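The structure appears below as structure tokens.
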Amino acid sequence: MSTTSTYRVTGMTCGHCVAAVTEELFGLPGVQGVDVDLASGRVEVVSAEPLDDDAVMVAVQEAGYEVMA
Ligand SMILES: [Cu+2]
């Protein structure tokens, strides 16, 4: 059983940004998959258990971007 959470991340401009966000999100516990759409900023995260939104926000900020509320 897994959960998919969708976020919108601002500030990503290229594949390097996508890789940075993806890597940070994979560092969160239980994350099984990350799919980033660069054009829209849409980020889908598949995880074993529901994610802590604050932890997601911090991870994205560590990569240098922002999660839109
Ligand atoms: Cu970039």
Side-chain angles (χ1 to χ4, degrees):
M1 190 66 190
S2 61
T3 306
T4 302
S5 311
T6 304
Y7 302 91
R8 195 158 297 263
V9 173
T10 57
M12 297 186 294
T13 56
C14 69
H16 179 81
C17 303
V18 172
V21 169
T22 300
E23 193 183 320
E24 283 294 337
L25 291 174
F26 264 117
L28 295 174
V31 170
Q32 298 166 332
V34 178
D35 185 62
V36 178
D37 181 57
L38 178 59
S40 66
R42 187 184 147 100
V43 176
E44 273 185 9
V45 185
V46 179
S47 54
E49 286 166 32
L51 289 171
D52 176 34
D53 285 343
D54 286 342
V56 169
M57 209 168 290
V58 168
V60 168
Q61 280 171 352
E62 260 163 33
Y65 310 97
E66 294 289 333
V67 176
M68 270 175 75

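Because only heavy atoms are used, hydrogens play no part in the values below, and waters and symmetry mates are left out as well, while side chains stay in. Predicted, not measured: the structure shown is a model, and the values here were computed from it. In this chain, numbering begins with 1 at the start of the sequence shown.
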Only distances under 3.5 Å count here; give the side-chain donor-acceptor pairs of residues 35-50 to other protein atoms, sequence neighbours excluded, each with its distance to 0.1 Å.
from	atom 1	to	atom 2	distance (Å)
Asp37	OD2	Ser40	N	3.2
Asp37	OD2	Ser40	OG	2.6
Ser40	OG	Arg42	N	3.2
Arg42	NH2	Glu44	OE2	2.3
Ser47	OG	Glu49	O	2.7

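With a 4.5 Å cut-off between side-chain heavy atoms of Ile, Leu, Val, Met, Phe, Trp and Tyr, the cluster of Met68 takes in none. Annotation for Met1: hydrophobic cluster partners, listed by chain and number, are none (ILVMFWY side-chain heavy atoms under 4.5 Å, direct or chained).
Between Leu51 and Thr3, every side-chain heavy-atom pair lies at or beyond the 4.5 Å cut-off.
At a threshold of 4.5 Å between side-chain heavy atoms, the hydrophobic network of Ile, Leu, Val, Met, Phe, Trp and Tyr places Leu28 and Phe26 in one connected group.
The shortest non-hydrogen separation linking Leu25 to Val31 is O-CG2, 3.3 Å.
No more than 12 heavy atoms of other residues, nucleotides or ligands lie within 6.0 Å of CD in Glu23, so this atom counts as exposed by the packing criterion.
Within the structure, side chain to side chain donor-acceptor pair (under 3.5 Å) contacts touching residues 51-69 (residues at least two apart or in different chains) are Tyr7-Asp53, Gln61-Glu66.
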